[in-house]
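So the structure is just underneath, and the comments pick up after that.
Below, chains carry the letters A, B, ... as their sequence lines are ordered, and counting in each starts from 1.
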Amino acid sequence: MLKIYNSLTREKQDFVPITPGSVRMYVCGMTVYDYCHLGHARVLVVFDMVQRWLRASGLQVCYVRNITDIDDKIIRRALANKESISELTDRFIGLMDEDAAALGVEKPDHEPRATQYIPQMLGLIKLLEKNGLAYQATTGDVNFSVRKFPGYGKLSGKSIDDLRAGERVDVDTGKDDPLDFVLWKQARQGEPFWPSPWGNGRPGWHIECSAMSSDLLGKHFDIHGGGQDLQFPHHENEIAQSEGAHRCPFVNYWMHNGFVRVDDEKMSKSLGNFFTIREILKQYDPEVLRFFILRAHYRSPLNYSDAHLDDARQALSRLYTALKAAPPAAAEVDWHEPHAIRFSQAMNDDFNTPDACAALFDLASEVNRSRSAGLSSQLRGLAGLLGLLKRDPQGFLQGTPALGTEEMSAEAIEMLIANRLAAKKRKDYVEADRIRSGLLAVGIVLEDDAQGTNWRRA
RNA sequence: GGCGCGAUAGCAAAGCGGUUAUGCACCGGAUUGCAAAUCCGUGUAGGUGGGUUCGACUCCCGCUCGCGCCUCCA
């Protein structure tokens with residue numbers, strides 16, 4: 001039985017799908033005006049893992065991850081770049097796809113873009129207006145009336161009055177209450193707009209997710225995910241909009257992944273301490289990054305540093321080394337085998353990937369001891385469910401230079417290995433060792449076995 | 001100020017009221033021409049003060065420290 005920690009109830013709960021045998025899941029994706037950073041990588045990988053495990057559990061999954069392609073930041077960036085909004089967003093959607101693919105993230109079933117759902121948003125706003133929850137302010141903006149929605153704050157555990165305590169005096173917003181949020185922004189000079197019953201304008205941030213999720217998944221669906229920082233106000237507002245418009249429960253299970261940190265501080269755009277996926281992939285194999293993300297629990301904070309990635313790289317090498325020692329027969333998982341059982345229990349316990357990884361390492365030891373192709377298949381099969389160990393071991397072991405080591409071509413390495421073998425044949429161990437330590441100095445490790453000499457990157 | 005989360009060995013990171021987490025690093029042994037890899041083995045934990053219990057890293061309370069949200073942010 002799968003258990004999921006539900007942010008809404010703040011406890012682990014048995015997962016019971018609305019429709020037996022199938023799951024509908026929505027995850028807040030990217031706002032496309034810049035490169036994806038490590039925080040985005042975490043959302044992408046974590047919910048890819050969730051989606052994979054749901055499918056592996058025999059459920060039929062409909063996974064939606066949206067793209068926000070219209071908002072203030074996008075408008076500003078396009079202006080600064082002197083390009084059109086669609087040029088900007090198309091470009092970064094392409095780059096995001098590349099990053100996601102590198103990290104082994106499977107394509108969601110739907111990737112709706114906000115700008116393609118304007119009619120649905122307008123429909124939703126009309127419903128909210130009809131239900132007395134939306135009003136047009138003197139500024140022309142259409143706002144959501146937070147105080148008229150009972151239960152506002154149930155996701156984030158905030159009460160409206162507590163929120164008021166920290167508020168700053170804000171004039172000219174036209175809001176009845178400072179906590180009200182915008183559903184539809186009145187068009188301003190030089191900004192893109194769409195016609196609406198309330199005049200030309202563009203959508204507020206939160207309404208797109210309510211519109212896209214109900215259009216693709218229905219008014220009431222199973223799982224909604226995203227980064228912890230979206231819990232308030234974004235997800236809180238989504239609930240208010242969706243439940244306020246449809247008058248029915250919105251989402252059963254809310255999942256929020258923890259932050260990525262640098263030096264124990266949240267990595268964020270505003271702090272400027274973020275690393276893009278691209279930057280990191282210049283130094284590390286994408287699978288190392290994926291493994292780094294998955295070896296921590298999705299709700300825990302994840303501290304980034306080169307040392308931690310180096311550590312992850314060494315650990316992943318151990319798994320690939322085991323696969324190399326005993327080539328797998330297949331990648332089919334035998335679910336009666338003890339490691340598979342442990343793996344499955346770990347995953348069913350709120351996607352405990354660190355524990356699932358521990359099962360993988362125990363299995364690797366077993367493979368090394370037994371040299372069993374069957375167990376090796378188990379290893380590859382189970383790891384595959386996390387999107388790991390899909391490659392040829394040699395490709396991984398020889399393809400990822402450690403930080404600070406120089407590149408050397410495979411041909412050059414092979415040549416030196418041949419020279420060393422010749423030296424060994426004539427028992428010139430001084431020369432043989434000289435060659436080996438020379439290679440080690442540039443990050444190449446030689447391993448002799450009965451068949452000959454293999455090399456890998458340290 | 002309001003609300004919430006966390007504190008595990010050198011580093012990273014899980015489960016668990018009593019029995020080896022796991023990985024990296026380290027140490028001893030096997031193996032090797034020497035190594036590497038691998039195997040075997042040892043060691044290093046649970047912020048602090050109380051409480052509950054036959055027994056607590058694990059449950060409860062206080063304290064200290066760290067972090068997050070309350071504003072765009074994955």
Between A:Lys424 and A:Tyr429, is NZ or CZ placed under 6.0 angstrom from the six-membered ring centre and within 45° of the ring axis? no
Decide whether A:Glu208 and A:Asn66 meet the rule of one side-chain donor and one side-chain acceptor closer than 3.5 Å. yes
Nearest-nucleotide 5' precedence on RNA chain B, A:His297 against A:Arg342: A:His297
Length of the CZ-C1' vector between A:Phe181 and B:rC72, whole Å: 16 Å
Members of residues 97-115 of chain A that approach RNA chain B, where some heavy atom sits under 4.0 Å away: none
Nearest of B:rU22, B:rG68, B:rC73 to any side-chain atom of A:Phe361? B:rU22
Decide whether A:Thr276 and A:Glu279 meet the rule of one side-chain donor and one side-chain acceptor closer than 3.5 Å. yes
Expressed in whole Å, how much space separates the C1' atoms belonging to B:rG10 and B:rG50? 31 Å
Quick check on RNA chain B: between A:Cys357 and A:Arg261, whose nearest nucleotide comes earlier from the 5' end? A:Cys357
Say we look at B:rG51 and B:rG17: how far apart would their P atoms be, to the nearest angstrom? 23 Å
Interatomic distance at C1', B:rC57 relative to B:rG2, whole Å: 32 Å
Please tell me if A:Ser300 has a side-chain N or O lying less than 4.0 Å from either OP1 or OP2 of B:rA14. yes
Rounded to whole angstrom, note down the P distance from B:rG47 over to B:rA30. 39 Å
Which whole-number value in Å describes the distance from A:Leu230 CG to B:rC70 P? 10 Å
Under a 3.5 Å cut-off for both distances, is B:rC5 Watson-Crick or wobble paired, and to whom? B:rG66
In whole Å, what is the span from the CD1 atom of A:Ile293 to the P atom of B:rA74? 15 Å
Among B:rA21, B:rC70, B:rC11, which nucleotide sits nearest the side chain of A:Asp311? B:rC11
Base contacts versus sugar-phosphate-only contacts with protein, heavy atoms under 4.0 Å: please encode nucleotides 32-43 of chain B as B, S and - from 5' to 3'. -BBBBSSSS---
From CG of A:Asp349 across to P of B:rA21 the rounded distance in Å is 18 Å
When you measure from the side chain of A:Asp14 to the backbone N and O of A:Met1, does any donor-acceptor pair fall under 3.5 Å? no
Is the NZ or CZ atom of A:Lys73 both under 6.0 Å from the centre of the six-membered ring of A:Phe92 and within 45° of that ring's axis? no
Among B:rA74, B:rA12, B:rC67, the nucleotide that comes nearest once only the side chain of A:Val260 is considered: B:rA74
Could you tell me how far B:rG29 sits from B:rA36 if I compare only their P atoms? Round to whole Å. 13 Å
Over 60° means perpendicular and under 30° means parallel, so classify the ring planes of A:Phe221 and A:Tyr26, tilted if in between. tilted
Out of the candidates A:Phe259, A:Phe275, A:Phe274, only one should pair with A:Tyr304 under the ring-ring contact (aromatic ring centres under 6.0 Å, His included) rule; please name it. A:Phe275
Only one of A:Asp350, A:Asn6, A:Asn252 forms a side-chain hydrogen bond (donor to acceptor under 3.5 Å, both in side chains) with A:Gln13, so which one is it? A:Asn6
What's A:Gly258 touching, base or sugar-phosphate or nothing? Going by heavy atoms closer than 4.0 Å. base
Using only atom types and a distance under 3.5 Å, with no angle test, would you say the side chain of A:Asp180 pairs donor to acceptor with the backbone of A:Val146? yes
So what does A:Gly227 hit on the nucleic acid, given a heavy-atom distance under 4.0 Å: a base, only sugar-phosphate, or nothing? sugar-phosphate
A:Trp205 CH2 to B:rU71 C1', in whole Å, measures 10 Å
Please measure how far the P atom in B:rC3 lies from the corresponding atom in B:rG62, and state the result in whole Å. 13 Å
Roughly how many Å is it from CG in A:Asn352 to P in B:rU22, rounded to a whole number? 15 Å
Need the pair for B:rA14. Rule: Watson-Crick or G-U wobble, both distances under 3.5 Å, any strand; none if unpaired. none
Of the listed nucleotides B:rC69, B:rA74, B:rG23, the one nearest the side chain of A:Ala315: B:rG23
Ignoring hydrogens and angles, are the base of B:rC69 and the side chain of A:Ser156 linked by a donor-acceptor pair under 3.5 Å? no
May I ask you to test the A:Asp306-A:Gln283 pair for a side-chain heavy-atom distance under 4.5 Å? yes
Can you tell me if the side-chain N/O atoms of A:Lys266 get under 4.0 Å from OP1 or OP2 in B:rC69? yes
Is B:rC34 paired to anything, Watson-Crick or G-U wobble with both distances less than 3.5 Å, and if yes, which nucleotide? none
What is the separation between atom CZ on A:Phe232 and atom P on B:rC73, rounded to the nearest whole Å? 12 Å
Once you apply a heavy-atom cut-off of 4.0 Å, does A:Lys158 come out as touching a base, just sugar-phosphate, or nothing? base
Figure out the CG/C1' separation between A:Asp71 and B:rU71, and round it to whole Å. 15 Å
Sticking with atom P, work out how far B:rC60 lies from B:rU22, rounded to a whole angstrom. 27 Å
In the structure shown, which nucleotide is the Watson-Crick or G-U wobble counterpart of B:rC39, with both distances under 3.5 Å? B:rG29
Just by distance, with hydrogens left out, do A:Asp99 and A:Tyr35 show a side-chain donor and acceptor under 3.5 Å apart? no
Under a 3.5 Å cut-off for both contacts, is B:rG46 paired Watson-Crick or G-U wobble with anything, and if yes, with which nucleotide? none
Determine the minimum heavy-atom distance between A:Tyr63 and A:Arg65, stating which atoms define it. OH-CD, 3.8 Å
Could you give the distance separating B:rG55 and B:rG18 at their C1' atoms, to the nearest angstrom? 6 Å
